[in-house]
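First comes the structure, then the notes that go with it.
In what follows, every heavy atom counts, from backbone to side chain, and hydrogens, waters and symmetry copies are set aside.
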Amino acid sequence: CRILKCNSEFWASTSSLGPEEEFCTALRAYHACVRRTARTCRGDLAYHSAQHGIEDLMGQHNCSREGPTTQPRTRSRTPPPPPPPPDSQERSDAPEVCHYERGLPRNAAPPNYTHCGFFGD
Amino acid sequence: PHLRTFGDDFHTCIVEGAWPLIHNKYLSVQVTNTPVLPGSSATATSKLTIIFKNFQECVDQKTYHAETNELPAAFADGSRNGGERHGGAALRVLEKVPGQHVEIQARYIGTTMVVRQVGRYLTFAVRMPEEVARAAEDGDNHDLYLCLHGCPLSQRIDFRTFRQRAAGGRAPAGRPGSGDQLGSPPHTFTYQSAVAKCKERLLVEDLYFQSCVFDLLTSGDVSFSLAAYYAFEDVKMLHSNKDKYHLFEKAVGLGGAPSRSP
């Protein structure tokens with residue numbers, strides 16, 4: 001369910017960090033990564049363990065929940081990618097949470113869609 | 001305006017001024033409706049504002065605003081997508097016909113919206129997952145959100161009575177000051193000529209057809225027949241159940257509620 005990927009990205013991103021604020025930034029990114037796995041990792045011990053771990057680390061390092069997050073992959077030595085051009089297709093590295101149907105659990109029934117219309121006089 | 005709710009109820013309403021169509025954790029849609037004729041309580045939509053709320057790692061908060069004769073192909077900040085986050089392209093504005101037809105895709109919430117200008121007024125249609133449609137904000141009783149609950153009873157127009165009067169040869173819309181609700185049309189359609197006009201594009205005599213007839217009789221503005229036609233085209237594109245494209249009047253009730261068969 002990808003929780004291990006979040007864990008390893010977090011530990012990789014914090015291996016060479018200095019100031020506390022950078023740690024908090026990485027921690028928030030870790031939190032965001034874990035949150036994206038919430039549907040698929042429901043019931044996974046590693047997922048719940050990570051959630052508790054993040055809470056503890058937030059408290060220990062006095063990190064606020066709001067603030068910048070940095071995707072671990074952009075913390076590598078390569079420069080960050082350029083912003084998407086207008087009307088670009090969805091980026092291949094976009095989080096699954098940014099695609100409603102892809103973010104649903106694999107075995108889940110397809111969502112029910114509903115419609116509303118407003119027109120005329 | 002005519003409203004088809006998330007629950008496939010169909011209402012014809014007054015709702016003059018600003019009204020919310022949708023308001024939940026993810027987005028807010030509000031319309032402003034103005035009288036189609038001075039002194040009339042038949043109104044149509046002249047402004048539309050959609051706010052897509054900041055969403056996790058995907059999109060910044062974005063506002064889309066349209067007004068009569070100003071149907072932009074971009075958000076209010078000039079951008080056409082959800083910003084520079086990794087999922088920014090999960091929200092985008094697509095121009096279908098300049099100044100007339102815009103589609104907004106919000107893939108992160110599985111939502112597609114269509115905004116059109118037909119004649120002098122705007123139309124709105126949306127497809128979204130039920131889970132998203134009902135994702136109320138904490139502590140919000142969302143009683144007035146038209147797409148969810150329909151128009152309040154006090155705002156509904158009795159479609160059936162209106163039509164019976166029109167078909168019976170009485171003036172469908174009284175002159176201002178006559179005490180009638182709906183005001184006076186600039187061009188006079190008879191019931192028969194309105195029916196003939198609406199049949200040009202709407203082949204099934206469903207509530208879209210009836211609303212077309214109603215609009216021609218109350219406004220005299222032929223572009224409202226197009227509004228009903230495009231509203232039905234949007235249903236065909238956005239509604240997930242082909243069997244429910246057409247709605248028909250129930251035996252009783254205000255504004256024409258749906259039934260499962262003609």
Side-chain angles (χ1 to χ4, degrees), chain A residues 2 6 9 25-39 65-75 79-105 108-121, chain B residues 1-8 12 21-22 31 36 42-45 55-59 79-81 84 86-90 92 94 107-111 118 121 123-133 146-147 211-212 214-215 218-219 221 224 227-228 230-231 234-235 238-240:
Chain A
R2 298 196 176 195
C6 294
E9 281 182 346
T25 300
L27 194 56
R28 282 190 289 266
Y30 182 30
H31 180 53
C33 183
V34 170
R35 208 168 46 196
R36 288 199 297 272
T37 70
R39 290 184 187 211
R65 289 180 174 279
E66 301 300 321
T69 58
T70 307
Q71 296 289 333
R73 62 174 68 83
T74 65
R75 297 190 67 79
D87 285 344
S88 67
Q89 292 300 307
E90 194 169 347
R91 288 157 56 154
S92 59
D93 61 349
E96 282 197 352
V97 74
C98 299
H99 193 297
Y100 182 78
E101 289 197 351
R102 277 188 218 149
L104 296 173
N112 290 325
Y113 283 92
T114 186
H115 165 81
C116 175
F118 196 70
F119 67 97
D121 89 22
Chain B
H2 309 283
L3 169 72
R4 179 175 183 153
T5 69
F6 287 137
D8 287 329
T12 297
L21 290 181
I22 302 171
V31 288
V36 293
T43 68
T45 302
F55 184 77
Q56 296 187 16
E57 298 77 44
C58 307
V59 300
S79 68
R80 292 183 174 208
N81 61 32
E84 297 184 359
H86 278 260
R92 54 187 188 153
L94 303 172
R107 208 171 305 164
Y108 62 102
I109 48 174
T111 296
V118 187
Y121 299 102
T123 72
F124 171 81
V126 63
R127 165 192 170 89
M128 63 168 55
E130 279 182 6
E131 178 192 28
V132 173
L146 303 184
C147 280
S211 66
C212 170
F214 176 94
D215 287 359
T218 53
S219 72
D221 182 345
F224 281 118
Y230 284 123
D234 292 339
V235 168
L238 299 173
H239 202 292
S240 57

Let me know if Tyr230(B) has heavy atoms under 4.5 Å from chain A in its side chain, its backbone, both or neither. neither
So for Val31(B), is it side chain, backbone, both, or neither that comes closer than 4.5 Å to the heavy atoms of chain A? side chain
For Glu101(A), the side chain to side chain donor-acceptor pair (under 3.5 Å) test, sequence neighbours excluded, returns Tyr113(A)
Pairwise distance OG1(Thr114(A)) to CZ(Arg4(B)) - rounded to 0.5 angstrom: 9.0 Å
Considering only heavy atoms from C-beta outward, does the side chain of Asp121(A) approach that of Asp221(B) to under 4.5 Å? no
So, using side chain to side chain donor-acceptor pair (under 3.5 Å) as the criterion, who are the partners of Ser79(B) when residues are at least two apart? Lys62(B), Asp77(B)
Has the side chain of His2(B) got a donor or acceptor atom that lies under 3.5 Å from a matching backbone atom of Phe118(A)? no
Rounded to the nearest 0.5 angstrom, the CD1-OH distance for Ile109(B) and Tyr100(A) is 9.5 Å
From Cys98(A) SG over to Gln56(B) CD, what is the distance, rounded to the nearest 0.5 angstrom? 7.5 Å
With chain A, which of Ala133(B), Ala231(B), Cys212(B) has the greatest number of heavy-atom pairs at distances under 4.5 Å? Ala231(B)
Name the member of Thr111(B), Leu3(B), Val126(B) that forms the most heavy-atom pairs with chain A at distances under 4.5 Å. Val126(B)
d(Phe119(A) CZ, Phe224(B) CZ) to nearest 0.5 Å is 11.0 Å
All heavy atoms of Gly120(A) vs all of Ala44(B), minimum pair found to be O-CB, 3.5 Å
Out of Leu21(B), Leu146(B), Asp234(B), Thr5(B), return the one with the most heavy atom pairs under 4.5 angstrom to chain A. Leu21(B)
Once you round to the nearest 0.5 Å, how far does NE2 of His99(A) lie from OH of Tyr108(B)? 13.5 Å
Evaluate side-chain contact (heavy atoms from CB on, under 4.5 Å) for Ser240(B) paired with Asn112(A), printing each intermediate quantity in order. CA-CA 8 Å; Ser240(B) 57; Asn112(A) 290 325; over 6 Å; no
